[in-house]
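Structure, as structure tokens:
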Amino acid sequence: MRLLTRGLFALILTFFFYLTLQADYLYKDDVLYNPDFRHEINILGDELYKKTGISLKVVIIKKLPQNMHIVDYEKELIKEFKQPTMLLTFAELDKKIDIL
């Protein structure tokens with residue numbers, strides 16, 4: 001019984017570490033919903049993080065909140081991240097692209 005408990009604990013621990021290593025760099029996607037694009041962004045994000053220690057977050061939204069400039073929107077989002085983060089923001093209908 002003790003062996004089963006330790007094995008279950010090891011399995012849960014392995015699963016937990018697997019999930020934490022699978023970072024999702026496509027932070028918000030209201031437009032594309034493309035799994036291949038998400039996969040490519042995760043590859044680029046992993047490479048950036050391994051080489052620089054900077055996390056990548058890509059935000060693709062349909063439209064910015066009313067009366068909000070893209071820079072203000074990014075400043076609100078960046079508060080959610082603890083580590084150094086590069087934020088790429090695309091607002092489709094507003095035709096705005098910005099990097100913070």
Side-chain angles (χ1 to χ4, degrees):
M1 185 68 167
R2 183 179 169 124
L3 181 61
L4 180 61
T5 304
R6 287 189 340 186
L8 182 60
F9 177 73
L11 180 63
I12 291 170
L13 192 62
T14 302
F15 182 70
F16 173 75
F17 281 118
Y18 174 76
L19 287 178
T20 59
L21 291 175
Q22 296 298 316
D24 194 15
Y25 297 104
L26 186 57
Y27 182 71
K28 190 172 201 174
D29 179 8
D30 294 341
V31 178
L32 300 176
Y33 308 109
N34 184 333
D36 293 333
F37 179 72
R38 178 178 296 272
H39 177 71
E40 291 298 319
I41 291 295
N42 284 336
I43 290 171
L44 292 171
D46 281 337
E47 184 176 347
L48 177 70
Y49 187 75
K50 287 175 187 172
K51 291 182 177 180
T52 66
I54 296 172
S55 181
L56 170 69
K57 298 294 180 187
V58 177
V59 178
I60 304 171
I61 56 174
K62 196 79 155 163
K63 185 163 179 51
L64 289 166
Q66 192 171 9
N67 299 325
M68 185 174 264
H69 191 271
I70 194 166
V71 174
D72 298 327
Y73 180 74
E74 288 175 322
K75 286 180 182 177
E76 288 298 314
L77 285 180
I78 205 80
K79 292 176 186 176
E80 298 178 23
F81 310 117
K82 295 178 179 152
Q83 58 195 21
T85 303
M86 182 170 92
L87 189 62
L88 300 174
T89 307
F90 302 88
E92 181 186 31
L93 296 179
D94 296 308
K95 298 180 182 174
K96 302 281 183 184
I97 298 173
D98 196 49
I99 301 172
L100 179 65

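Because the structure is a prediction, the values reported are computed rather than measured. Hydrogens, waters and symmetry mates play no part in the numbers below; they use all other heavy atoms, side chains included.
Summarising the geometry, atom CD belonging to Glu80 is positioned 5.5 Å from atom CG belonging to Leu77; distances are rounded to the nearest 0.5 Å. A distance of 13.0 Å separates CG in Asn42 from CD in Glu47, rounded to the nearest 0.5 Å. For the atom pair Phe90 CZ and Asp29 CG, the distance stands at 11.0 Å (nearest 0.5 Å). Taking OG1 from Thr85 and CD1 from Ile78, the interatomic distance works out to 5.0 Å, rounded to the nearest 0.5 Å.
Listed by first and then second residue, the ring-ring contact (aromatic ring centres under 6.0 Å, His included) pairs involving residues 34-61 amount to none (not counting sequence neighbours). Residue pairs meeting the ring-ring contact (aromatic ring centres under 6.0 Å, His included) criterion with at least one member in residues 50-79: none, sequence neighbours excluded.
The two residues Met86 and Ile54 have their closest heavy-atom pair at N-CG2, 3.7 Å. The two atoms that bring Ile41 and Leu56 nearest to each other are O-CD2, 4.3 Å, heavy atoms only. Closest heavy-atom contact between Asp94 and Leu64: OD2-N, 2.6 Å. Shortest non-hydrogen contact noted between Ile70 and Lys96 is CD1-CB, 3.6 Å. Nearest heavy atom pair, residue Leu100 against residue Lys75, reads CD2-N, 4.2 Å.
Residues forming a salt bridge (Lys or Arg N to Asp or Glu O under 4.0 Å) with Glu76 (at least two apart in sequence, or on another chain): Lys79. For Tyr27, the ring pair (Phe, Tyr, Trp, His ring centres under 6.0 Å) test picks out Phe81, with sequence neighbours left out. Residues satisfying the side-chain contact (heavy atoms from CB on, under 4.5 Å) test with Glu92, not counting sequence neighbours, are Val31, Lys62.
Under a 4.5 Å side-chain heavy-atom cut-off, the cluster of Ile, Leu, Val, Met, Phe, Trp and Tyr residues that includes Leu93 has no other member.
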task = Would you check, one step at a time, whether the test side-chain contact (heavy atoms from CB on, under 4.5 Å) holds for Leu87 with Ile99?
result = CA-CA 6 Å; Leu87 189 62; Ile99 301 172; over 6 Å; no

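For the pair Lys28 and Ile61, the minimum side-chain heavy-atom distance is below 4.5 Å.
At a threshold of 4.5 Å between side-chain heavy atoms, the hydrophobic network of Ile, Leu, Val, Met, Phe, Trp and Tyr places Ile60 and Ile97 in one connected group. In this structure, Leu44 is not a member of the same hydrophobic cluster as Tyr25, with clusters built from ILVMFWY side-chain heavy atoms closer than 4.5 Å.
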